[in-house]
Amino acid sequence: MNDISLSAITGFDSGPTVQLKELESDHIKFSLSNVDLSVANGIRRAMIADVPTMAIDLVEIETNTTVLTDEFIAHRLGLIPLTSTDVDKNFAYTRECNCTDYCNLCSVELNLNVKCTEDRTMEVTSRELISQNDNIVPVTIDDQDPGILIAKMRKGQELKLKCIAKKGTGKEHAKWSPVCGVGFDYDPYNKLRHTTYWIEDDEKTEWPLSENAKEEQPPIEGEPFDYNAVPNKFYYKFETTGSMEAKDVVLSSLNILQAKFDELRNELKREQNMNQYN
Amino acid sequence: MNIDGNENEAKLKILSSSSDEGCATFSISEEDHTLANALRYMIMKNPKVEYCGYSIPHPTEAKVNIRVQTSEETTAVEAMNKGLDDLIELCEHILVEYNEKLDLKNYKYDEGVFDTENKA
């Protein structure tokens, strides 16, 4: 990639640079420099709303004698994160699939069948969900992880149901979002005055500096406001729900953005060709 | 098909009232600020472009309109094409950068949930 040509286009001194600060399977911290706010925000938005994962979308309840209503349980099941590595490649969206209802190419079946026979409270967790596909299973951290609580039962109560997990994105329902709490920060000293702090007495004591401030030049007292300045360093920090690896969420979001632009470029060509023959 | 289930709508429509090729409005369905704001910025970076702006006409309608007006040296469609090309190149560059930094492995890493080898 040619750095010089790219910086000529974007108007920054050099091409975009990435600094990776922390990376764990479910957590990442990095910064992106020399890009425009619109592009940086596009990446943030794509990570939240456009990266596909699997989540339970249909629930067929056979028996439910617990104290919780069917729809209440169905909602709880939908929010359980399922491991969704490579879902982008391996599954189709049900609405785009050739099947009439749903099939193995666009969905995964999970079953739950529990009955409380003991004389004490029983906890039904995501561990009891039996998936038909070994790659799409409820997220657990390790063997000690008790799983996510779905319902509690007393003696004699029973819960038997079939779930259909489908591929989807966060823009349809937040349950499909692979990330939670995406931190997106720029200009920690507020030199650009994009924010107005709400204060009672003193801004400095009421609004402590962000940890990212140590990477930026502090403002000089009495410095005139630079109205030509633009933000150029963006700090990202997020955790995943466990459905995907943090590093893959970033990769996926960039690929998705690129695919969006590419699709539009092809559409533009098609539109042009159509006009020529009309 | 898209989320809303309207299958027949074209992804992109070019709305231009006059015969002037220098200006056009591009109506894109099923897109939002994620794509439009970055595209607006990139088209505006082209010195031959005099104006580029976008709007989402109604919050419940998944549609954006991008307006492009150029000087006489180029056409609106060309400017749009260049904007898209540049953005694809920019994404590619960020991807390469990011992958390079991943390969350096100078961060702490824990396989955790995704440690498939040590998991029963």
Side-chain angles (χ1 to χ4, degrees), chain A residues 1 3 5-6 9-11 15-26 29-30 32 35-39 41-43 45-46 49-50 83 85 93 95-96 139-143 168-169 171-172 242 245 247 250-251 254-255 257-258 260-265 267-272 275, chain B residues 1-5 7 10-14 26 28 30-42 44-46 62 77 80-102 104-116 118-120:
Chain A
M1 195 55 52
D3 254 47
S5 74
L6 201 59
I9 300 164
T10 58
T17 39
V18 176
Q19 261 182 296
L20 204 54
K21 287 158 196 164
E22 268 173 43
L23 178 67
E24 277 169 70
S25 60
D26 60 351
K29 209 168 125 185
F30 68 98
L32 180 62
V35 293
D36 187 67
L37 174 58
S38 61
V39 177
N41 191 41
I43 296 169
R45 287 175 61 98
D50 293 310
T83 52
T85 319
Y93 289 106
R95 58 177 173 274
E96 287 166 359
V139 170
T140 44
I141 296 163
D142 51 36
D143 293 336
T169 56
K171 69 179 160 193
E172 191 174 347
E245 279 202 64
K247 67 169 197 264
V250 182
L251 280 176
L254 287 165
N255 282 319
L257 272 180
Q258 221 174 9
K260 274 178 188 282
F261 298 131
D262 196 48
E263 186 196 1
L264 213 55
R265 194 166 60 170
E267 283 292 317
L268 197 62
K269 257 186 218 128
R270 206 177 54 87
E271 186 81 7
Q272 285 264 284
N275 287 347
Chain B
M1 210 201 285
N2 48 46
I3 292 176
D4 296 332
E7 220 164 332
K11 179 83 187 169
L12 175 80
K13 273 182 273 186
I14 304 174
F26 299 86
I28 306 162
E30 294 303 311
E31 291 299 344
D32 55 13
H33 302 280
T34 309
L35 173 130
N37 197 11
L39 191 54
R40 185 221 93 236
Y41 151 76
M42 208 39 120
M44 210 50 203
K45 271 287 161 205
N46 185 346
V77 172
M80 173 61 88
N81 232 328
K82 182 171 160 44
L84 290 166
D85 282 341
D86 291 347
L87 275 168
I88 289 168
E89 197 188 328
L90 182 71
C91 282
E92 191 59 45
H93 183 101
I94 300 172
L95 269 169
V96 170
E97 248 309 292
Y98 180 69
N99 276 319
E100 263 173 30
K101 296 293 151 75
L102 276 180
L104 285 180
K105 295 202 185 295
N106 53 357
Y107 45 81
K108 67 173 183 171
Y109 190 71
D110 164 29
E111 286 267 349
V113 191
F114 301 94
D115 188 3
T116 41
N118 295 323
K119 224 176 180 181

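When reading the values below, keep in mind they use all heavy atoms of this one structure, side chains included, and skip hydrogens, waters and symmetry mates. Chain naming here is simple, since letters A, B, ... match the order of the sequence lines and numbering starts at 1 in each.
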Rounded at 0.5 Å granularity, tell me how far CZ in A:Arg45 sits from CG in B:Asn37.
8.5 Å
May I ask you to name which of B:Asn99, B:Leu87, B:Leu102 has the most heavy-atom pairs under 4.5 Å with chain A?
B:Leu87
Ion pair A:Lys171/B:Asp32, N-O distance below 4.0 Å:
no
If you look at every heavy atom in B:Ala38 and A:Ser38, which pair is closest and at what distance?
CA-OG, 3.6 Å
Test side chain to side chain contact (heavy atoms under 4.5 Å, CB included) on A:Gln258 and B:Leu95; report intermediate values, then the result.
CA-CA 10 Å; A:Gln258 221 174 9; B:Leu95 269 169; 3.5 Å; yes
Do you know which of A:Asp262, A:Asn41, A:Leu251 has the most heavy-atom pairs with chain B at a distance under 4.5 angstrom?
A:Leu251
So, does B:Tyr98 use its side chain to make a donor-acceptor pair with the main chain of A:Leu20 at under 3.5 Å?
no
Separation of B:Ile14 CD1 from A:Gln272 CD (nearest 0.5 Å):
5.5 Å
For residues B:Ile88 and A:Phe261, report the shortest heavy-atom separation together with the two atoms involved.
CG1-CB, 3.6 Å
Contacting region of B:Asn46 [heavy-atom separation from chain A under 4.5 Å]
neither
Please lay out, stage by stage, how A:Leu264 and B:Phe26 fare under the test side chain to side chain contact (heavy atoms under 4.5 Å, CB included).
CA-CA 11 Å; A:Leu264 213 55; B:Phe26 299 86; over 6 Å; no
Report which part of B:Leu104 has an atom under 4.5 Å of a heavy atom belonging to chain A: side chain, backbone, both, or neither.
neither
Side chain to side chain donor-acceptor pair (under 3.5 Å) against B:Asp86, all qualifying residues, sequence neighbours excluded:
B:Lys82
Distance col, row A:Lys269:NZ vs B:Asn81:CG, nearest 0.5 angstrom, shows 6.5 Å
Residues A:Ala46 and B:Thr34: closest non-hydrogen pair is N-CG2, 4.0 Å
Mind checking the CG-NZ spacing from A:Leu268 to B:Lys11? Nearest 0.5 Å is all I need.
13.0 Å
Partners meeting salt bridge (charged side-chain N to carboxylate O under 4.0 Å, His left out) with B:Glu100 (sequence neighbours left out):
none
Rounded at 0.5 Å granularity, tell me how far CE in B:Met80 sits from CZ in A:Arg265.
13.0 Å
A:Leu37 versus chain B, heavy atoms under 4.5 Å apart: side chain, backbone, both or neither?
neither
Please classify the contact between A:Glu267 and chain B as side chain, backbone, both or neither, with a heavy-atom cut-off of under 4.5 Å.
both
